[in-house]
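Okay, structure first, notes after.
Computed from a predicted structure; not experimentally measured.
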Amino acid sequence: MNILIIDDERTILKTVYSQLTKMQLGVERVDIADSAAQARGCMERHRYDIFLCDIVMPEEDGITFARWVLEKDPDVKVIFLTAYADVNYMKEAISMQSFDYVFQPVSVEELRSVVERAVSQIKIERKNRELMNRGTFFQTHEENILEVGAQQYLGGRNTDDSYLRRLISFRSVYQAGESVYLPVVVQILKTQKKLEEIERPLLRLIYQNVLDEVFQALKVYSIVLLEEDGTDFTVLMYWRRDAAYERETIADRLDTFRILLFRVLQTTTAIYCGEICEPGMLQSSVEPLFQIQKDNVRRESRVFCAEKDEKNVEIHSYKLQLGAWNKLLEQKQFLYFKESILAYIGKEHHRHMNASDMMNLHQSVTQLLLLYLVNHQIGSDLIFDEELPYLTYMNAWQGLDLFEKALTHITDRLQELVGDDAPRDVIQETAKYIRQHLDSDLSVSEIAEYAGMNPEYLTKLFKKNTGYTLKEYIVNEKMESAKMLLKTTSLPVTLISSHVGYGNYSNFTRSFKQLVGCTPMEYRKNAASDAEPE
């Protein structure tokens, strides 16, 4: 708080100033002015909360000045200093609701008392305004506040379930006790949209609209909870108890939701589905979903169900592989060393490797690499740099994509340092890159950037060596992959379409028919007929 003393008598001005500065009232500044005009000048530089103002002053009296001050800021307190017990002055002072008045000469005790009362009243009024503002803010932003609190509770970051209960009451279409719930965690794996730049209410509405479209026929409703920081979100599915849906029914529709998110937002997701439960069990039902998410080191895009995916996975034995991998290192076959490890992880019976398995594998590979560096006197600073800091590498077990990227960096660097100067096979590298990214919408410029070449030149070189342009080769490889999936799996054609990088199902069907001569469904039917024993 700031105090301004106004009096045309310099003696009184100095005396009051001296007394106030010695009182330790907790105010920030005490200023003085010998006229109303000088006081106005002070107010241009600072805001004052308390004015101690003489009533009788030349040019402009204290009553007139005080009235002007209170019109500008009704919250300030004016204490009149006067040597005249004039009834008219007192009436005017009271009529304008000034705080108080004291007679000169004023004692130190009386001055302290009246100023302390003014300070206390200002503090009380400020606190009341703050409380009112908080109430108004909560009413305006109640839904967002509840959502953050509910998400923190479900994530185990607080123990207060009142946010969740109130949010359910706020958004649910049913009365308390009429519904059962199924928690779902949605992880954003990859997106072409900048989701973090979309306003939270709009993003929530987009998710909500897609969910409503998918579940409308079942009369299953949802509450979307956006993460406070990040793009992942939690969904509370709920329906009337008497509907008695099995979780598999909801999981099938969630897979449709996953596909629609890809088509609407170009967003690839993994969905983790909990157990059907009562509201009070939601936190314990959500908890295993975060572990399943952590164990999804392959970053697969599908619907995971807690009951199935939570089972202990058999620890994968790779001890027999370590000798072979070490031999590849000693032979400077760094590319084959990397590909052998990735091929081992990619084997079908290893597709359920969890975080613990990946951590153990990462640790064993790290021991091989560090031992190789020591034996060949290669400084670790030549391998780990700004592109791949050592700490980043040590955390690469958390995702297969992270591990592959880190391993590629290390083997490339080893090849540069000690590898044979074998000529680079750009065509093979390009073809391999295409095969590894069939699930993406590959462009010629993206491939050329990977190869470090001009797009036109790379296309010409590729056609000269393979007989295909890059675009033709991409389509051929996609269709070969699609044919394999159609023959060997029962995946829906829409899913196969997305697996080979077609966001639009119609485009996939048209391209398939142009190249193969029949539709994907006809190809699957023919393949099944050919496989039947005579």
Side-chain angles (χ1 to χ4, degrees), residues 189-190 192 255 258-259 262-263 266 268 298-302 335-336 338-351 400-401 404 408 424-451 453 455 458-532:
L189 299 176
K190 184 170 60 176
Q192 296 182 25
D255 199 46
R258 182 182 64 85
I259 295 170
F262 178 77
R263 293 180 178 173
Q266 291 79 55
T268 304
R298 300 175 65 89
R299 295 176 69 81
E300 291 184 83
S301 175
R302 65 184 179 93
L335 178 61
Y336 293 123
K338 178 191 72 174
E339 290 185 344
S340 177
I341 294 171
L342 297 178
Y344 171 82
I345 298 172
K347 287 181 180 179
E348 183 61 26
H349 78 282
H350 295 149
R351 70 187 305 269
L400 182 58
D401 54 339
E404 181 176 356
T408 299
R424 182 182 175 205
D425 190 341
V426 176
I427 304 303
Q428 288 298 320
E429 289 180 11
T430 303
K432 181 181 176 183
Y433 181 84
I434 291 171
R435 290 193 296 271
Q436 289 176 338
H437 295 81
L438 290 178
D439 61 339
S440 303
D441 186 13
L442 285 169
S443 67
V444 173
S445 59
E446 175 187 346
I447 297 170
E449 183 179 354
Y450 164 78
M453 301 180 72
L458 179 61
T459 299
K460 183 178 179 180
L461 188 65
F462 196 86
K463 183 167 177 69
K464 180 180 178 181
N465 283 269
T466 66
Y468 296 101
T469 66
L470 279 171
K471 289 184 178 179
E472 290 170 345
Y473 188 84
I474 291 169
V475 173
N476 284 337
E477 289 297 315
K478 286 179 180 290
M479 294 309 149
E480 285 301 315
S481 179
K483 286 161 64 176
M484 184 272 291
L485 291 171
L486 287 166
K487 285 193 297 185
T488 61
T489 74
S490 59
L491 286 172
V493 178
T494 53
L495 278 183
I496 293 176
S497 169
S498 65
H499 275 306
V500 294
Y502 279 83
N504 187 298
Y505 173 70
S506 299
N507 290 345
F508 167 70
T509 303
R510 183 165 53 253
S511 296
F512 190 94
K513 187 170 183 178
Q514 285 176 350
L515 197 67
V516 183
C518 61
T519 66
M521 292 300 294
E522 291 170 345
Y523 181 87
R524 171 172 276 173
K525 185 177 179 181
N526 294 337
S529 299
D530 294 342
E532 290 180 0

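Put simply, the side chain of R524 gets close to the backbone of T489: a donor and an acceptor are under 3.5 Å apart. Without hydrogens or angle criteria, R299 side chain to L189 main chain gives a donor-acceptor distance under 3.5 Å. Using a distance-only test at 3.5 Å, with no hydrogens or angles considered, no donor-acceptor pair links the side chain of S481 to the main chain of E477. Judged purely by atom type and a 3.5 angstrom limit, T408 uses its side chain to pair as donor or acceptor with the backbone of E404.
If you take CG on L486 and CG on N526, they are separated by 11.0 Å, rounding to the nearest 0.5 Å. The NZ atom of K338 sits 10.5 Å away from the CD1 atom of I341 when rounded to the nearest 0.5 Å. Rounded to the nearest 0.5 angstrom, S497 OG and I259 CD1 are separated by 9.5 Å.
Counting heavy atoms from C-beta on, the side chains of D439 and V500 never come closer than 4.5 Å. Between R258 and S301 there is a side-chain heavy-atom pair separated by less than 4.5 Å. Under the 4.5 Å side-chain criterion, counting only non-hydrogen atoms from C-beta, F262 is not in contact with Q266. A 4.5 Å side-chain heavy-atom check between L470 and I434 finds at least one atom pair inside the cut-off. Looking only at side-chain heavy atoms (C-beta outward), F508 and K478 stay at 4.5 Å or farther from each other. In this structure the side chain of I496 never reaches within 4.5 angstrom of the side chain of Y502, judged on heavy atoms. In this structure, the side chains of L485 and L495 stay at 4.5 Å or more apart for every pair of heavy atoms.
Close placement of the F462 and Y473 rings is indicated, their centers lying within 6.0 Å of each other.
Looking at every heavy atom in both residues, E446 comes nearest to L442 through OE2-CD2, 3.7 Å.
The salt bridge (charged side-chain N to carboxylate O under 4.0 Å, His left out) analysis of residues 479-503, with sequence neighbours excluded, yields the pairs E480-K483.
Other residues, nucleotides and ligands contribute over 12 non-hydrogen atoms within 6.0 Å of the CG atom of N504.
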Please test I447 against I474 for side chain to side chain contact (heavy atoms under 4.5 Å, CB included), starting from the C-alpha separation and ending with a verdict.
CA-CA 11 Å; I447 297 170; I474 291 169; 3.5 Å; yes
Walk me through it: do R263 and S498 pass the test side chain to side chain contact (heavy atoms under 4.5 Å, CB included)?
CA-CA 9 Å; R263 293 180 178 173; S498 65; over 6 Å; no
Quick one: side chains of residues 512-523, donor-acceptor pairs under 3.5 Å with protein atoms, not counting sequence neighbours, listed by atom name and distance.
from: T519; atom 1: OG1; to: E522; atom 2: N; distance (Å): 3.2
from: T519; atom 1: OG1; to: E522; atom 2: OE1; distance (Å): 3.4
from: E522; atom 1: OE1; to: T519; atom 2: N; distance (Å): 2.9

